[in-house]
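Chain naming here is simple, since letters A, B, ... match the order of the sequence lines and numbering starts at 1 in each.
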Number of protein chains: 2
Amino acid sequence: MSNKNIGIKDVATAAGVSVTTVSHVLNEVAYARISPETRDKVRSAAEQLGYGPNRLAQALRTQRTGMLGLVSEDIATTPHAGRIILGAEEAAKARGYNLMIINTSGSASLESRRDDVDALLERRVDGILYATMYHRNVELPANLGSVPAVLVDSVAAGGNITAVIPDEEGGARAAVEALLAAGHRRIGFINNTDDVPATHQRLQAFRATLTEAGLDGGAAPVESEVSEVHGGYEAARRILAREDRADMPTALFCYNDRMAMGAYRAAAELGLTIPADLSIVGFDDQELIAANLHPGLSTVALPHYEMGAWATEHLIDAIEGKTDLTLMALHPTILSCPLVTRDSIAAPRD
Amino acid sequence: MSNKNIGIKDVATAAGVSVTTVSHVLNEVAYARISPETRDKVRSAAEQLGYGPNRLAQALRTQRTGMLGLVSEDIATTPHAGRIILGAEEAAKARGYNLMIINTSGSASLESRRDDVDALLERRVDGILYATMYHRNVELPANLGSVPAVLVDSVAAGGNITAVIPDEEGGARAAVEALLAAGHRRIGFINNTDDVPATHQRLQAFRATLTEAGLDGGAAPVESEVSEVHGGYEAARRILAREDRADMPTALFCYNDRMAMGAYRAAAELGLTIPADLSIVGFDDQELIAANLHPGLSTVALPHYEMGAWATEHLIDAIEGKTDLTLMALHPTILSCPLVTRDSIAAPRD
DNA sequence: CTGAAAGCGCTAACAA
DNA sequence: TTGTTAGCGCTTTCAG
């Protein structure tokens with residue numbers, strides 16, 4: 001239990017040695033040649049007094065704080081935020097670092113975001129993680145460049161900073177392939193209307209995967225709506241509104257779990273049972289939804305925890321000189337999005 | 001844009017004054033008598049050089065870091081975590097403080113949680129927020145006592161530390177009253193089985209509110225299950241399984257939104273339309289569920305953001321000597337849980 | 001094998 | 001009105 005009032009000096013006097021010696025044994029300095037007895041004396045004195053180092057003083061002296069700044073755009077607006085933070089926090093802790101978190105609004109001015117980064121810099125964080133709450137391109141405050149930094153879930157508009165993002169395309173492929181593997185041939189896509197990378201990449205992968213399977217990917221039905229439950233509902237109503245049931249898709253790939261939730265309702269209203277009459281795959285793996293729908297929604301998981309951990313790991317490597325971030329900055333690192341299988345996929349009827 | 005390599009000394013030479021003067025003008029020290037011209041010189045020199053104070057050095061000298069430690073049990077396991085963090089972060093930022101976050105597992109040993117607090121203490125945080133992710137009694141590491149601290153969403157087992165918790169009872173009352181106001185007389189409660197304060201307090205308030213309305217609160221139907229969707233489903237099936245429809249509750253108060261989600265499904269299976277045949281109120285206001293169910297779920301909101309902000313506000317007051325925390329520690333502060341009205345409540349059929 | 005002393009960047013008491 | 005200087009608690013060079 002580190003006691004605020006006890007310093008290295010107190011330990012030194014208690015152990016009858018100099019502060020140098022205390023510092024050397026407590027930090028296990030490699031080149032220090034100190035007798036085992038002295039070491040013991042020092043250690044037990046420190047223990048006795050409840051000594052804990054003053055990291056501020058250490059940092060001032062060594063120019064290393066062991067702190068990482070995490071500026072997070074819109075913490076808490078999305079449940080994903082927590083996973084990124086958790087991944088970062090655990091990776092940091094494992095390497096002896098701590099996290100300072102600053103929340104910033106995605107819609108905040110570049111200037112106010114610069115001030116947020118400045119606050120971190122004044123505290124002399126060793127590096128900065130900049131996390132956005134959904135995958136997108138982001139314009140970054142210039143002062144970010146003054147310490148090692150890595151982007152989580154976004155790529156810089158300028159493009160010259162190390163970033164880690166989800167494999168949208170691979171995720172979408174996995175989703176569609178699961179549907180194909182179950183025997184589906186008429187598959188629809190319920191897409192988002194936002195102009196973000198995920199929208200385009202998932203659509204592209206959707207069509208490509210169908211085409212590669214010998215189907216007409218270009219002609220497959222796609223309906224776009226806002227990426228909310230009601231949007232999913234509307235889109236599903238439209239996509240399922242074929243006169244002829246033989247024309248109707250037997251499976252739906254949905255942009256995200258919320259839209260899938262809407263599709264569930266549309267299916268219910270149309271008297272379609274999931275998965276017997278209609279198979280559905282989502283995206284995001286928002287537990288609250290995916291695991292709780294009935295039947296459980298098979299969906300593609302976004303690697304938020306992993307991105308947080310990866311970014312932290314590499315940031316620390318860079319800080320410790322084990323990695324060259326400028327090299328990695330050439331292209332973003334892409335982390336895979338695994339399919340989480342639940343109960344919303346089955347073979348099509350006949 | 002604070003430049004790491006520029007110190008107060010550089011500003012001093014650039015402005016042709018001493019470091020004292022620089023320190024005085026930049027910190028707007030009250031008793032300093034410095035000519036306006038000098039002030040200007042200093043400020044523009046600082047500006048020019050991109051000077052930013054080294055908060056470490058300041059802190060070392062002043063014994064004030066302006067940092068708050070937030071130890072959070074199970075960030076990210078629940079979406080609520082983010083709201084607490086956000087409330088704390090914004091309140092802190094507004095008063096010039098920053099947050100250091102450490103995640104700790106609720107199931108972690110007392111010792112490992114003590115180490116987490118120690119990490120914060122070594123960094124000389126000015127105070128500590130200890131947040132749990134659901135309202136409960138918690139055993140705290142002893143070293144928490146060495147700086148001002150406040151608990152968020154829990155009360156200490158020992159009971160001698162300032163805490164802020166949700167008004168479970170008031171929330172439950174609001175829920176039941178909304179049902180009564182809509183004209184319901186046969187109201188059931190779907191409760192949780194965990195031995196946490198919310199379970200007991202909500203039940204108690206449920207019965208009391210009915211009784212006060214002239215009904216037989218003691219006889220009102222209550223079914224308990226695990227507080228998940230499937231638990232809610234099971235409990236709802238049981239509670240709605242009356243032979244005689246005249247006996248069946250016309251409204252259900254559910255322990256949380258997830259259980260309410262299960263109740264929705266049970267109702268659908270029984271051919272009951274919400275809210276025409278059955279009114280439902282939840283608890284938690286988990287947006288993802290409550291806003292997305294169809295019809296939207298009326299529910300009681302937990303004041304997570306508010307608790308985070310309140311705790312931070314008062315922690316800072318204590319740090320700055322504006323409040324005496326030991327006084328507030330006498331009993332926990334209770335923040336109200338407002339009813340969020342959506343579309344799941346209607347008058348009972350005749 | 002161990003210790004003295006300088007200095008990280010800043011604030012504040014004291015002197016001028 | 002402004003400057004000198006000690007010292008916050010630590011690490012690390014250099015000397016013994």
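The residue B:V29 sits apart from the nucleic acid: no heavy atom pair falls under 4.0 Å. As judged by a 4.0 angstrom heavy-atom cut-off over every strand, B:T20 is placed among the base-contacting residues. At a threshold of 4.0 angstrom between heavy atoms, the contacts of A:S23 include nucleobase atoms, whether or not backbone atoms are also involved.
For A:D153 and A:R83, the salt-bridge test fails: no basic side-chain N is under 4.0 Å from an acidic carboxylate O. Between B:K93 and A:D115 there is no salt bridge, since no side-chain nitrogen of the basic residue lies less than 4.0 Å from a carboxylate oxygen of the acidic one.
Heavy-atom contacts of chain B under 4.0 Å fall on DNA chain D between two terminal nucleotides, which in 5' to 3' order are D:dT1 to D:dG9. If you walk DNA chain C from 5' to 3' and mark each nucleotide with an atom closer than 4.0 Å to a heavy atom of chain B, the marks span C:dG9 to C:dA13.
Note on the helix from C:dC1-D:dG16 to C:dA16-D:dT1: angle between the axes of the first and last five pairs equals 50°, rounded to 10 degrees.
Using modelled atom types and a 3.5 Å distance limit, the side chains of B:S23 and B:T20 yield no donor-acceptor pair.
The CG atom of B:L129 sits 5.0 Å away from the CG atom of B:L315 when rounded to the nearest 0.5 Å.
Between A:T65 and the options A:L56, A:D126, A:N98, A:L60, a side-chain contact (heavy atoms from CB on, under 4.5 Å) holds for only A:D126. A:D116 pairs with exactly one of A:I102, A:L121, A:N103, A:N143 by the side-chain contact (heavy atoms from CB on, under 4.5 Å) rule, that one being A:I102.
Within the 4.5 Å cutoff, the side chain of B:R55 has no heavy atoms near those of the B:M67 side chain. Between A:T21 and A:K41, every side-chain heavy-atom pair lies at or beyond the 4.5 Å cut-off. For the pair A:L86 and A:E90, the minimum side-chain heavy-atom distance is below 4.5 Å. Inter-residue side-chain proximity for A:M328 and A:V164 is flagged as unmet; no heavy-atom pair is nearer than 4.5 Å.
At least one donor-acceptor pair closer than 3.5 Å links the side chain of A:D10 to the backbone N or O of A:G7.
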**Message:** Show, in sequence, the C-alpha distance, side-chain angles and deciding distance for B:I34 and B:H24, and conclude whether the side-chain contact (heavy atoms from CB on, under 4.5 Å) test is met.
**Reply:** CA-CA 8 Å; B:I34 295 170; B:H24 280 171; 3.6 Å; yes
**Prompt:** Going through the distances and angles, do A:L68 and A:I319 end up as a side-chain contact (heavy atoms from CB on, under 4.5 Å)?
**Reply:** CA-CA 10 Å; A:L68 266 27; A:I319 290 167; 3.7 Å; yes
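Every residue meeting the side-chain hydrogen bond (donor to acceptor under 3.5 Å, both in side chains) condition with A:R113, not counting sequence neighbours, appears here in chain and number order: A:Y130.
For DNA chain C, the residues of residues 8-16 of chain B within the heavy-atom distance limit of 4.0 Å (strictly under) are B:I8, sorted by number. In the region residues 57-64 of chain B, proximity to DNA chain C at under 4.0 angstrom, judged on heavy atoms, holds for B:A57, B:Q58, B:R61, B:T62.
The nearest heavy atom of DNA chain C to A:Y31 and to A:V19 marks one nucleotide each, and the one closer to the 5' end goes with A:Y31.
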